[in-house]
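In this chain, residues are counted from 1 in sequence order.
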Amino acid sequence: MQLGLIGLGKMGGNMRERIRLAGHTVVGYDRNPDLSDVSGLAELVESLQAPRTVWVMVPAGAATQSVVDELGGLLEAGDTVVDGGNSRWTDDEKHAAELGAKGIGFVDAGVSGGVWGLENGYALMVGGEKEHVDRLRPIFDALKPEGPYGYVHAGKVGAGHFSKMVHNGIEYAMMQAYAEGWELLEKVDSVTDVREVFRSWQEGTVIRSWLLDLAVNALDDDEHLDKLRGYAEDSGEGRWTVEAAIDNAVPLPAITASLFARFASRQEDSPQMKMIAALRNQFGGHAVESAK
């Protein structure tokens, strides 16, 4: 099968290689000419036989919208666009409507696997009409891990990215739990080898997971994480998960708290803690520290 792939960064580049290893033809485009097979989107479209499939792996928002707009003017009825980035599901509905008016199919694919996907395969959560999804099964089969799991047609347009968004929200909470447990173990004097405690959890415990394996890898590289600053960004999907929970009146206390913990990591001197310290001093005479 032929595929056009736009965006050849850490994820897209490895996906191109994995699809090619499965015997398919991939024509890739990236703004970096050293990574590209073609000079632009027009050449990419021209190099594919109809009905064409073009997979987009660029940042969510304006960048994805720009690519979808350009593809809408280059592709023809019967072609299909796949958005494999981390777009918001509401954008999927908009893109499907815009392309559908021209007879172009649209599929949204939530992709999980990170830099390990080339070797281990990518978990795929797909949304879209059955006729469009079924035509792409050879590509999905090439990308997914070996075995019966790792792929799902989650539902209609937007379902793939919505599922991936919830996946990432759960990931936030799991990472936060490991991080809090690690900090507590590091704090007490009685535990003298926190790294090996984490390693002991990798087999036979109910909290073993790939994230735990990655935590052990990180501790092997830097046992007490002294080389790192306590700062964490968020991709946006945690925020969208919390917003969706509010819209649907679904309580998500753990995921919400994990998102707010990332916000707290960006404050070198927490304004909230200033107020807490001031109040403790006022009602209990507790000591406060002066600003340096």
Heavy-atom count around Tyr231 OH within 6.0 Å, excluding the residue itself: above 12?
yes
CG-CH2 distance between Leu214 and Trp116, expressed to the nearest 0.5 angstrom:
6.5 Å
Compare all side-chain heavy atoms of Tyr29 with those of Leu35 and state whether any distance is below 4.5 angstrom.
no
Would you find a donor on one side and an acceptor on the other, under 3.5 Å apart, between the side chain of Thr64 and the backbone of Pro59?
yes
Determine whether Asp226 and Asp222 make a side-chain contact, defined as any pair of heavy atoms from C-beta on separated by less than 4.5 Å.
yes
For Met175 and Ser258, what are the C-alpha separation, side-chain angles and deciding distance, and is it a side-chain contact (heavy atoms from CB on, under 4.5 Å)?
CA-CA 8 Å; Met175 288 193 291; Ser258 68; over 6 Å; no
Does any donor atom in the side chain of Gln65 or His95 lie under 3.5 Å from an acceptor atom in the other side chain?
yes
Could you state whether Trp210 and Tyr149 fall into the same hydrophobic cluster, counting links through intermediate Ile, Leu, Val, Met, Phe, Trp or Tyr residues with side-chain heavy atoms under 4.5 angstrom apart?
no
Ignoring hydrogens and geometry, is there a side-chain-to-backbone donor-acceptor pair from Arg195 to Glu223 under 3.5 Å?
no
Given side chains that start at C-beta, do those of Glu180 and Gln176 come closer than 4.5 Å, heavy atoms only?
yes
Distance, nearest 0.5 Å, that separates NE2 of His153 from CZ of Arg137:
10.5 Å
Membership question, hydrophobic clusters at under 4.5 Å side-chain separation (ILVMFWY): are Ile6 and Leu99 in the same one?
yes
Might you work through the side chain to side chain donor-acceptor pair (under 3.5 Å) test for Asn168 and Lys164, ending with a clear yes or no?
CA-CA 6 Å; Asn168 282 20; Lys164 176 58 164 41; 3.2 Å; yes
With no hydrogens and no angle check, is any side-chain donor or acceptor of Ser47 less than 3.5 Å from a backbone partner on Leu44?
yes
Between the main-chain N or O of Lys144 and the side-chain N or O of Arg18, is there a donor-acceptor pair closer than 3.5 Å?
yes
Using the ring of each side chain (for Trp, its six-membered ring), is Tyr178 parallel, tilted or perpendicular to Phe198, with breaks at 30° and 60°?
tilted
Which pair of non-hydrogen atoms, one from Ala123 and one from Pro145, has the smallest distance, and what is that distance?
N-CD, 4.3 Å
Going by heavy atoms in the side chains, are Val82 and Val56 under 4.5 Å from each other?
no
Intermediate values then yes/no, side chain to side chain donor-acceptor pair (under 3.5 Å), Asp83 and Ser87
CA-CA 8 Å; Asp83 181 2; Ser87 292; 2.6 Å; yes
Stepwise side chain to side chain donor-acceptor pair (under 3.5 Å) test for His224 and Glu186:
CA-CA 8 Å; His224 302 289; Glu186 285 276 342; 3.1 Å; yes
Could you check Asp213, Asp193, Asp220 and say which one makes a salt bridge (charged side-chain N to carboxylate O under 4.0 Å, His left out) with Arg199?
Asp220
If only atom types and distance count, is the side chain of Arg262 paired as donor or acceptor with the main-chain N or O of Ala232 below 3.5 Å?
no
Minimal non-hydrogen separation, Leu118 against Tyr122, with atom names:
N-OH, 3.4 Å
Check the pair Thr53, Arg135 against side chain to side chain donor-acceptor pair (under 3.5 Å), reporting the backbone distance first and the verdict last.
CA-CA 9 Å; Thr53 298; Arg135 190 167 72 83; 3.2 Å; yes
Could you walk me through whether Gln202 and Arg208 satisfy the side-chain contact (heavy atoms from CB on, under 4.5 Å) test, starting with their C-alpha distance in whole Å, then the side-chain angles of each, then the deciding distance to 0.1 Å, before giving a yes or no?
CA-CA 5 Å; Gln202 290 182 276; Arg208 63 189 185 274; 5.5 Å; no
Path from Leu225 to Met174 over hydrophobic side-chain contacts below 4.5 Å:
yes
Look at the side chain of Asp30 and the backbone N and O of Asn32, then say whether any donor-acceptor pair between them is shorter than 3.5 Å.
yes
Could you check whether any side-chain heavy atom of Glu129 comes within less than 4.5 Å of a side-chain heavy atom of Phe106, counting everything from C-beta outward?
no
When Val133, Asp92, Val81, Val157 are each screened for side-chain contact (heavy atoms from CB on, under 4.5 Å) with Val107, the one that passes is Val133
Check: Leu75 and Arg52 side chains under 4.5 Å, non-hydrogen atoms
yes
Okay, side chain of His161, backbone of Arg88: is any donor-acceptor separation there less than 3.5 Å?
no
Short side-chain to backbone donor-acceptor contact, Lys102 and Gly105, under 3.5 Å
no
side-chain contact (heavy atoms from CB on, under 4.5 Å) for Arg16 and Leu8? Distances and angles first, verdict last.
CA-CA 8 Å; Arg16 174 174 63 173; Leu8 302 172; 3.4 Å; yes
Separation of Lys156 NZ from Asp108 CG (nearest 0.5 Å)
12.0 Å
Could you state the interatomic distance from CZ (Phe162) to CD (Glu93), rounded to the nearest 0.5 Å?
10.5 Å
Check whether any side-chain N or O of Thr241 sits under 3.5 Å from a backbone N or O of Met165 as a donor-acceptor pair, and report yes or no.
yes
How about Val27 and Leu3: do any of their side-chain heavy atoms sit closer than 4.5 Å?
no
Quick check on the hydrophobic clustering: are Ile255 and Trp240 connected, directly or via other members, by side-chain heavy-atom contacts under 4.5 Å?
yes
I need the Ile19 CD1 to Asp141 CG distance, nearest 0.5 Å.
11.5 Å
Assigning hydrophobic clusters by single linkage (Ile, Leu, Val, Met, Phe, Trp, Tyr; side-chain heavy-atom cutoff under 4.5 Å), is Leu5 placed with Phe140?
yes
With side-chain contact (heavy atoms from CB on, under 4.5 Å) as the test, would you mind laying out the steps for Ser112 and Met125 before giving the verdict?
CA-CA 9 Å; Ser112 180; Met125 295 141 272; 4.3 Å; yes
With no hydrogens and no angle check, is any side-chain donor or acceptor of Asp79 less than 3.5 Å from a backbone partner on Glu76?
yes
Does this structure show an ion pair linking Arg266 with Glu233, if we count only N-O contacts that are shorter than 4.0 Å?
yes
Euclidean distance, Ile139 CD1 relative to Gln2 CD, rounded to 0.5 Å
10.0 Å
Heavy atoms, side chains only, cut-off 4.5 Å: are Val126 and Val152 in contact?
no
Looking at Lys94 and Glu98, is any side-chain nitrogen of the basic one under 4.0 Å from a carboxylate oxygen of the acidic one?
yes
